[in-house]
Trainee: 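Questions regarding the structure given below will be posed in turn.
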Protein chains: 2
Amino acid sequence: MAGPAKKSGGLDLSVLQDRIGFRVHMLDLHMMRWLGERCARHGLTPASASVLMVIRSNPGVRHGELADALLIRRPNMTKLMRRLETRGLLCRKGSPGDKRRVVLALTPEGEKVIAEVGGYFRMQDDLLQKALPGAGDDALTTLMDSMHGALDAPEPETSAATASRKPRRKAAI
Amino acid sequence: MAGPAKKSGGLDLSVLQDRIGFRVHMLDLHMMRWLGERCARHGLTPASASVLMVIRSNPGVRHGELADALLIRRPNMTKLMRRLETRGLLCRKGSPGDKRRVVLALTPEGEKVIAEVGGYFRMQDDLLQKALPGAGDDALTTLMDSMHGALDAPEPETSAATASRKPRRKAAI
DNA sequence: TATTGTTATACTCTATAACTATA
DNA sequence: TATAGTTATAGAGTATAACAATA
């Protein structure tokens, strides 16, 4: 479900729009699509890109430790890790001490990709931050809508942005 | 991905937590789980419950019209409608004028269920609204965390809440 | 016996293409 | 020819149970 959620062809959506939770949900969807389009240019999803960024900040982190921190179930984390490894972005190896453990780190290719994709995350945050300053009466609803709109403005092209356009459903990790 | 996202066993998550978008995403996940647990007591998801609520506010709405308004693709809407119809909550019938069109309305059973489930949506909104008043310096981040926490307090039992507890993975619509 | 990570499985959501039936 | 809704298919997220290897 989604949308700026205003005028929808005569449909009464007030039962949804009057809820703060719905506004947050719409904003989240909008942000994820914005980020998703851009991550897809590099064959990633916002989730897989976020995981790579956390691994970069925590080289040598364990499989389960990462899963717990990000509230991802271990079996699901396994699938994600395997896809990232297959794509050559991630290095998985057994811990020398405890042979049950799997230790994670980025490959040089992973470092390169995440350096580019990270730019999109910062760009989105800049757009959202700029939308904040003036709160109003219905402070939060106003903030939500303002942030929602902040993502719709034309954006300056960057090195990451110029990389590749619309990869036609190229299965993203 | 998810969580209050603070202390995570020594892991550095600042690359995520410093982003406003991540905070919104975490809040959204938290809200959806809160609502999801409660909707599941009635065999629904927050999404299917929301769809039923919009149909209740707009009896006789068309299939595609509803899909467009909620940004759901028509094929996906079809699957959702069929499940709701199978469960006896929704009535689908062809439009008399244009025989291509499918017109939607709640069944009496649907009305009954959504009257109960709607209480959870209002309850969540009340909790979130109460968390707002005092903004601070990092206004929005503070608001997000406050709203996040607002869902963790013990809640007063209601008729809807007492209905049934933890239906053990009973496939939700 | 407990922990770590894996496999297997299932359900949902999402997205596209192709089909039917009406108009 | 265009529109409304459907079917078919595929990818991704999420969840649980059961398993192997190790501690």
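Chain letters run A, B, ... following the sequence lines, proteins first, then strands; residues in each count from 1. These values consider heavy atoms only, across backbone and side chains, with no hydrogens, waters or symmetry-generated copies.
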Trainee: Hey, what do you get for CG (B:L29) to CG (A:L71), rounding to the nearest 0.5 Å?
Mentor: 8.5 Å

Trainee: Let's see if you can work this out: which of C:dA15, D:dA17, C:dG5 has an atom nearest to the side-chain heavy atoms of A:V102?
Mentor: C:dG5

Trainee: Nearest-Å distance, NE2 (A:H30) to P (C:dT14)?
Mentor: 16 Å

Trainee: If you find the nucleotide of DNA chain C closest to B:D98 and the one closest to A:D98, which residue's nucleotide is nearer the 5' end?
Mentor: A:D98

Trainee: Strictly distance-based, threshold 3.5 Å: is any side-chain N or O of B:S95 a donor or acceptor partner for the main-chain N or O of B:V102?
Mentor: no

Trainee: Once you round it to whole Å, what is the distance between P of D:dG5 and CG of B:L66?
Mentor: 10 Å

Trainee: Give the rounded distance in Å between these two atoms: CG of A:L84 and P of D:dA12.
Mentor: 11 Å

Trainee: Roughly, in whole Å, what's the span from CZ in A:R87 to P in D:dG11?
Mentor: 12 Å

Trainee: Would you call A:L13 and A:F22 a side-chain contact if the rule is heavy atoms closer than 4.5 Å?
Mentor: no

Trainee: Which residue lies toward the 5' end of DNA chain D, A:R83 or B:R101, if each is placed at its nearest nucleotide?
Mentor: B:R101

Trainee: With a 4.5 Å cut-off on side-chain heavy atoms, are B:V103 and B:R92 touching?
Mentor: no

Trainee: Quick one: which of C:dT6, D:dA12, C:dT22 gets closest to the side chain of B:R100?
Mentor: C:dT22

Trainee: Keeping B:T107 on the side-chain end and B:G88 on the backbone end, is there a donor-acceptor pair under 3.5 Å?
Mentor: yes

Trainee: Once rounded to the nearest 0.5 Å, what's the spacing between atom CG of A:D125 and atom CE of A:M31?
Mentor: 9.5 Å

Trainee: With sugar-phosphate meaning primed atoms plus P, OP1 and OP2, does B:G36 contact a base, only sugar-phosphate, or nothing at under 4.0 Å between heavy atoms?
Mentor: nothing

Trainee: Would you say D:dG5 has OP1 or OP2 under 4.0 Å from some side-chain N or O of B:T78?
Mentor: no

Trainee: Return the value, rounded to whole Å, for the distance between atom CD1 of A:I72 and atom P of D:dT16.
Mentor: 15 Å

Trainee: Please state how far atom CG in A:N76 lies from atom P in C:dT9, giving the value in whole angstrom units.
Mentor: 16 Å

Trainee: Remember a base hit wins even if backbone is also touched, and classify A:R74 as base, sugar-phosphate or nothing at under 4.0 Å, heavy atoms.
Mentor: base

Trainee: Figure out the NE2/C1' separation between A:H63 and C:dT3, and round it to whole Å.
Mentor: 13 Å

Trainee: Start at the 5' end of DNA chain D and walk down; is the nucleotide closest to B:V103 or to A:K99 reached first?
Mentor: B:V103

Trainee: Measuring to OP1 and OP2 of C:dA15, would you say a side-chain N or O of B:R73 lies under 4.0 angstrom away?
Mentor: yes

Trainee: From C:dG5, C:dA2, C:dC13, pick the nucleotide closest to the side chain of B:T45?
Mentor: C:dC13

Trainee: Think A:R92 has a side-chain N or O under 4.0 angstrom from the OP1 or OP2 of C:dT4?
Mentor: no

Trainee: What is the distance, rounded to the nearest whole Å, between atom CG of A:L104 and atom P of C:dG5?
Mentor: 8 Å

Trainee: Quick one: label A:G94 by what it contacts on the DNA or RNA (base, sugar-phosphate, nothing), any heavy atom closer than 4.0 Å.
Mentor: nothing

Trainee: Check if the side chain of A:K79 and the base of D:dT14 share a donor-acceptor pair of N or O atoms closer than 3.5 Å.
Mentor: yes

